[in-house]
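Because the structure is predicted, anything quoted here is derived from the model rather than measured.
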Amino acid sequence: MAHLAKSMMREAFQKWDQDGNGTIEREELARVLSALGEFKASDIDRIMVEVDRNADGQIQYTEFVDWLMRPVVTAGAAALLSTSELCLRADQAPLGNPTARGGVEKRPSIEPRWIFSGHPGSNPVRLEAAKALRAEHTIVVWAMPQAVDGDWAQIVGDSRSGWGFSIGFSKRCRLGVRDPRLQGSGGGGELCIETPTDVEHGRWAMFVARGICTSASPSATGCTEFLVASDDRALRFLGTVQAVGGGVVVEEIGSKTAGVKAIGSVVMWPKLLADEELRELFLWDAVRFGCLTEEQAAWLRKNRRCAPARTEEEEEELGRRLATAAAGKFVGLLDLSELKVVDADLPRILDAVESAFEDVTALSLGVNYITEDGVIEHIVPFLGRLTSHFRLDLRQNSDINNFAEGPLLEVFGAAPESLGLSVDLRGTGVGGDAMLKLLNQTPEAADAIRLADRERKKAAEQAATYQAQQAAISERWKDEVDAPVAFDGSAGTAFDNAVDLATGIGLASASFSTFPVGKQDQLKEIRASLARAARMAYDHAAGGLLAWEPPSGSDSGRGPAPENCGTGQFIAHFSYLSYAVQPRSHEDFGLRLRSKGEQLGAGRAKKGAIGLHAAAENGAVRVAAASGKSYGRDAVKLRLESRSDKPLCIAVVAGTIFQHISWIHRQNLLVGRTVHIYLQPGESQEHKIGAFCMNLSCACSNEDPMELTALELKDTSILQGQGKVWDFFEGLFSKYRAEAGFPDGAKKGKKGKKGAGSSKKK
């Protein structure tokens, strides 16, 4: 939805930019507007000023987008100024350079007649004609406050002798009204708000007095409100006093006493301006007066809040929670609410969640400063990569608008119901049916959550039993451990069988018609035959199933897979567990073989990421080493070396498989969640990845060397938990053993007699 809006804006800009130079000049704007209807020259000038934020006489694309995406207000700032009764503005030269957090780096320099206390001739500036305050009025003044020297510092007021009405600061820097008719405390005729202005002395701020004077004298029939805007908090309400009485005029600006160092502009309206209009006026001048950077102003113009900077303590706390989660020490909910999280924080947060493997099942990002841009760019792809139940809390991120709705619903609709995915967007710009659908508090979702809980408990019981049997499993396989099988591609039965497999012709073992259960010499021959045939088929170009482009310069296209990459031993091992006398196809085990030169599909990894397989294939990285230890979080230890002259983001996608390199009868490992590894040019980095083990009849890996296979699991819903993985593959092994004439549970003495080499499910 957002990308469609951007595409439409780009198309509109190109139509208006008639000479194609990348900017819209006033003449081009005039031609387009004239074609749309009757626009006066003054109308075109007003629009040009409103859109051309840097006043260079041209409209850039970013200015055009900001203008189209601006909040809807009753009128633009230029139109508001045109409706004022009094409009005194300083010259248009920049008044100071904004810093990262607002303010100015250098002291502003404006016309001396606008500067007051502490300078020669620092008397108030008299207006040519007094302006009476109407029944409804709004006064907006850009002023630079300083410490008040005396009881009162006037901003604007009435210079008539003996009258003394003014709006200004009290000694305690409280905004208020001075009027002889008021019976304020101290007898000075002052009535001030209780809240201080909270504006740093020597900095510009926009002060607003907005009120009603309906009676001849001061009364409580209405009120005068005071507001201020000076930084990325934009417009802030300070308080109210009694309504100003009738008969009041404004005839001068500034003060004889210290308190107002300078005034940049004074504008009066005979009406009450809405908060949205006042906000627009502030954004109109905030960069010029050094209160905001261009970036901050653009952000606020989209009706977004600027996030306050985190303190050192808050930054340390966020880092501590992410490190703890990535280390697997958070189980269940990772709570990052109210930590001033912004869009730029999302990549490292989501990386930590992915590194936590199955441990983090819920993430709270509520009451932060995330926008729809962060949702679309980071959160939506993350949700699309999920393989297990997950809850995401985005409540009270009020800057998320309804542009996020479409992409979220799309990824939500593509997710399996069994995930029970939930995204809480209450208190954001996404509402109505979309908000309820994404919250997903349906009976079906509740069933999915209950099922996931049962699966976790079942897997925990299976894991406890499996762990207790490690010594017995290792003992069972000790006589069937072989060294890696070498092959050189020479002609022979094993090689011919490999070619037959590649062309889809059924293999027939030259030596055995049935699996020789319990016959160690024959089992050793079977293992060698399976490994040689499968490795020829999958790891050598002549076999036809090599899934890697041969390295450049290889001999006759018969180069091997990249370093520490291989697939054949995995196929041989799984075929052996199935009691097969010939290699079974990878498809028999629900796996997909990548294609040569294959790149990651959309949504499978972060934008700009390169898949590990493609990076190894094209030489961008070297798989320096891989090993396995047990299963779960950190099961795979992978060392990568960058061979690129550019920074890399390498994606190891969910469903990737790592194989053992020989007949040690230990677990092959299946990556459970997509993880991303970041490498600088020439950098070598070791990374640990969460993975499931793939069957119950072999012992856990124990720092054993492994290789990256060219295989991936087709059905990623199986990755919802270790129990599902075990059930899936053990079910296949049982099925194929039965087809081979050795059903699980057969009595001894029958064809299914158990013995050494039996892979019967325990």
So for atom NZ, which belongs to Lys437, do other residues, nucleotides or ligands contribute more than 12 heavy atoms lying within a distance under 6.0 Å?
no

Could you check whether any side-chain heavy atom of Ile689 comes within less than 4.5 Å of a side-chain heavy atom of Asp634, counting everything from C-beta outward?
no

Evaluate Tyr631 against Phe692 for ring-ring contact (aromatic ring centres under 6.0 Å, His included), listing each step before the verdict.
CA-CA 5 Å; Tyr631 58 95; Phe692 299 116; 8.6 Å; no

Under the side-chain contact (heavy atoms from CB on, under 4.5 Å) test against Val675, which residue among Val653, Val652, Leu638, Val636 passes?
Val652

Just checking, is any N or O donor in the side chain of Gln667 or Tyr466 under 3.5 Å from an acceptor N or O on the other one?
yes

Thr293 side chain vs Gln296 backbone, donor-acceptor pair below 3.5 Å
yes

So, Glu703 and Lys637, do they make that salt bridge, N to O below 4.0 Å?
yes

Report the C-alpha separation of Asp345 and Lys340 in whole Å, then their side-chain angles, then the decisive distance to 0.1 Å, and conclude whether the salt bridge (Lys or Arg N to Asp or Glu O under 4.0 Å) test is met.
CA-CA 9 Å; Asp345 296 319; Lys340 301 173 184 173; over 6 Å; no

Could you state the interatomic distance from OG (Ser355) to NE2 (His676), rounded to the nearest 0.5 Å?
10.5 Å

Under 3.5 Å, is there a donor-acceptor pair between the Arg305 and Ser398 side chains?
yes

Step through the shown structure and confirm whether more than 12 heavy atoms of other residues, nucleotides or ligands are within 6.0 Å of CZ on Arg236.
yes

Does Asn668 form a side-chain hydrogen bond (donor to acceptor under 3.5 Å, both in side chains) with Gln659? I'd like the steps, not just the answer.
CA-CA 5 Å; Asn668 299 291; Gln659 71 168 13; over 6 Å; no

For a salt bridge (charged side-chain N to carboxylate O under 4.0 Å, His left out) with Arg310, tell me which candidate from Glu315, Glu338, Glu317 qualifies.
Glu315

With a 4.5 Å heavy-atom cut-off, do Asn368 and Val342 have their side chains touching?
no

Contact check, side chains of His378 and Leu350, non-hydrogen atoms, under 4.5 Å:
yes

Taking the side chain as everything from C-beta on, heavy atoms only, tell me whether Leu713 gets closer than 4.5 Å to Phe729.
yes

Distance col, row Leu383:CG vs Glu410:CD, nearest 0.5 angstrom, shows 12.5 Å

Treating Arg643 as the side-chain partner and Gly619 as the backbone partner, does any N or O pair qualify as donor plus acceptor under 3.5 Å?
no

Electrostatic pair Asp232-Arg304, nearest N-O below 4.0 angstrom
no

Side chains of Thr371 and Asp343, donor plus acceptor under 3.5 Å
yes

Run the salt bridge (Lys or Arg N to Asp or Glu O under 4.0 Å) check on Glu280 and Arg301 step by step: do they pass?
CA-CA 8 Å; Glu280 185 79 359; Arg301 213 168 278 125; 5.8 Å; no

Interatomic distance, Ile661 atom CD1 to Asp704 atom CG [nearest 0.5 angstrom]:
9.0 Å

Would you tell me whether Tyr678 and Asp351 have side-chain atoms, one donor and one acceptor, within less than 3.5 Å of each other?
yes

Report the C-alpha distance between Arg639 and Ser684 in whole Å, list the side-chain angles of each, state the deciding distance to 0.1 Å, and finish with yes or no for side-chain hydrogen bond (donor to acceptor under 3.5 Å, both in side chains).
CA-CA 7 Å; Arg639 176 166 289 281; Ser684 175; 2.8 Å; yes

Tell me yes or no: between the side chains of Thr361 and His389, is some donor less than 3.5 Å from an acceptor?
no

For Glu295, does the CD atom sit with more than 12 other heavy atoms under 6.0 Å from it, leaving out its own atoms?
no

Please check if the number of heavy atoms outside Glu312 that lie under 6.0 Å from its CD is greater than 12.
no

Below 4.0 angstrom, N of the basic side chain to O of the carboxylate: do Arg450 and Asp447 qualify?
yes

To the nearest 0.5 Å, atom OG1 of Thr674 lies from atom NZ of Lys606 at 11.0 Å

So does Lys714 have more than 12 non-hydrogen atoms from other groups sitting under 6.0 Å from NZ?
yes

Side-chain contact, heavy-atom cut-off 4.5 Å: Ile349 with Leu322?
yes

For residues Phe570 and Phe658, establish whether the separation of their ring centroids is below 6.0 Å.
no

Tell me, do Glu712 and Leu591 make a side-chain contact under 4.5 Å, heavy atoms counted?
no

Between Asn564 and Glu707, is there a donor-acceptor pair closer than 3.5 Å when you use the side chain of the first and the backbone of the second?
no

Heavy-atom closest contact (Ala654 atom, Thr387 atom, distance)
CB-CG2, 3.9 Å

From Glu641, Glu617, Glu683, residue fulfilling salt bridge (charged side-chain N to carboxylate O under 4.0 Å, His left out) relative to Arg622
Glu641

Residues, nucleotides or ligands: over 12 heavy atoms within 6.0 Å of Glu377 CD
no

Dump the intermediate steps for side chain to side chain contact (heavy atoms under 4.5 Å, CB included) on Leu732 and Phe574, then the final yes or no.
CA-CA 10 Å; Leu732 290 177; Phe574 268 35; over 6 Å; no

Nearest 0.5 angstrom please: Glu316 CD to Glu313 CD, how far?
6.5 Å

Counting C-beta onward and ignoring hydrogens, is there a side-chain heavy-atom pair between Ser697 and Glu730 closer than 4.5 Å?
yes

Rounded to the nearest 0.5 Å, what separation is found between the SG atom of Cys700 and the CD atom of Gln469?
11.0 Å

Does some side-chain heavy atom of Asp453 sit less than 4.5 Å from a side-chain heavy atom of Arg456?
yes

